[in-house]
Colleague: 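I have a structure I would like to understand better, so I am pasting it below and will then ask my questions one at a time.
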Amino acid sequence: MSDTSTVFITRHNATSIVRRIPQDAFGNLGGELYTKKIYCLGNSDKRRLLAVQAFFKDPKKFIAEYYVAMKKTDTGHYVFESGSPAYHCAYDCERLNSDYTNYEIPPQIVAKAENENDPSIIETYRNWFKANMYLLDSERNKFSIRFFGEFKFEPDFRLIAHPNSGSTKFTNLDLSQLEEKIDQLIISAAKEYHSNEIVRKWGNKYWLGRRLEKPFPSEINLIDETCIRNCLRQYENNIIAPLKQNLIDYYKVKYNPELSFEGTLLQQLGFIACRVCHSHQK
């Protein structure tokens, strides 16, 4: 396979290219997020989404203007941290279309590691989780007992599962279906804003629901803070996160439904060839 051949990447890795570029680099990006106005997203989310849109529209131009090599970094927020991202020579490669599964590290653990400036706390949790995660399928109660005994709080982590995050899952979605989903989420966001005082006051900082290490103003007592964080977490999970994901899918289907790129373009960004499908091409 020549370096200029068309190759494919997962949606997750495509959006990771944008996420790894500093937000202030996108200050000159213009355009509209969608055919309708979206008021529930903050400037940071809007810039990122416009960047994803620009990348899907014209990858060469985007990379030339905003190029940043995709170096391996550890966010400290997930049990499994990925290595170098891969591109795929075959559209039907099993790795391209395999399920993605990960687990968020509980915010209590993340906050402790950050407050004590001790990354080993994250590694200790990861090692424990990996050694005991086999219990999640068949003996979840036993897992919970062990978890509480080790960390002194009830299990509080979120499973992240993206079935078939590669190209094939989305080729059957058309723009009208995505528009219907996006329109409904915009309506739901407006309803929450008008009916929920917490969303009206704090909705633009929805991430406070999961970022427990970020303090609230001192006049907010602990009971109110817990209530606000729970509400914001629900607001993000039910409206904000699905809205952003559907917008990304909308850009993908509209501008680059197969997520196909030139191999040399992705090599510039630190991608490597998938060992499974690349070996079959030789």
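Owing to the predicted nature of the structure, the values given are computational and were not obtained by experimental measurement.
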Colleague: Are F55 and F62 an aromatic pair, judged by ring center distance below 6.0 Å?
Modeller: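 F62 vs F55: aromatic centres under 6.0 Å.
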
Colleague: Please check: side-chain N/O of N196 versus main-chain N/O of E192, any donor-acceptor pairing under 3.5 Å?
Modeller: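 No; judged by distance alone, with no hydrogens or angles, the pair does not exist.
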
Colleague: Would you confirm whether Y251, through its side chain, and L33, through its main-chain N or O, come within 3.5 Å as a donor-acceptor pair?
Modeller: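 Yes: the side chain of Y251 pairs with the backbone of L33.
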
Colleague: Counting N and O atoms only, with roles assigned by atom type, does the side chain of R211 sit under 3.5 Å from a partner on the main chain of Y206, one being a donor and the other an acceptor?
Modeller: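 The answer is no, because no donor-acceptor pair under 3.5 Å joins these two groups.
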
Colleague: Taking the side chain from S144 and the backbone from R140, do they hold a donor-acceptor pair closer than 3.5 Å?
Modeller: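 Yes; judged by distance alone, with no hydrogens or angles, the pair exists.
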
Colleague: Would you find a donor on one side and an acceptor on the other, under 3.5 Å apart, between the side chain of N256 and the backbone of S260?
Modeller: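 Side chain of N256 to backbone of S260: a pair is present.
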
Colleague: Please confirm whether the backbone N or O of G42 pairs with a side-chain atom of R47, one donor and one acceptor, at under 3.5 Å?
Modeller: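 Not a single qualifying donor-acceptor pair exists.
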
Colleague: Looking only at atom types and distance, does a side-chain atom of Q53 sit under 3.5 Å from a main-chain N or O of L247, one as donor and one as acceptor?
Modeller: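 Checking the backbone N and O of L247 against the side chain of Q53, no donor-acceptor pair under 3.5 Å is found.
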
Colleague: How many angstroms lie between atom CD1 of I240 and atom NZ of K244, to the nearest 0.5 angstrom?
Modeller: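 Rounded to the nearest 0.5 Å, the CD1-NZ separation comes to 7.5 Å.
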
Colleague: Tell me, please, which residues at least two apart from K112 pass salt bridge (charged side-chain N to carboxylate O under 4.0 Å, His left out).
Modeller: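 Per chain and number, K112 pairs via salt bridge (charged side-chain N to carboxylate O under 4.0 Å, His left out) with no residue.
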
Colleague: How about Y103 and Y125: are their ring centroids closer than 6.0 Å?
Modeller: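 Not close enough - the centres of the two rings lie 6.0 Å or further apart.
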
Colleague: With no hydrogens and no angle check, just 3.5 Å: does a side-chain donor-acceptor pair link Y34 and E179?
Modeller: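 Y34 vs E179: no donor-acceptor pair found between side chains.
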
Colleague: Could you give me the CA-CA distance, side-chain angles and deciding distance for F26 and V18, then say whether side-chain contact (heavy atoms from CB on, under 4.5 Å) is met?
Modeller: CA-CA 10 Å; F26 303 133; V18 174; 4.1 Å; yes

Colleague: Which pairs, with at least one residue in residues 48-60 and sequence neighbours excluded, count as a salt bridge (Lys or Arg N to Asp or Glu O under 4.0 Å)?
Modeller: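 For residues 48-60: K60-E262.
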
Colleague: List the atom pairs, donor and acceptor, that lie under 3.5 Å between side-chain atoms in residues 198-205 and the rest of the protein, sequence neighbours left out.
Modeller:
residue, atom, partner, partner atom, Å
R200, NH1, Y193, O, 2.8
R200, NH1, H194, O, 3.3

Colleague: Could you tell me if the ring centre of F147 sits under 6.0 Å from that of F153?
Modeller: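 Between F147 and F153, the centre distance is under 6.0 Å.
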
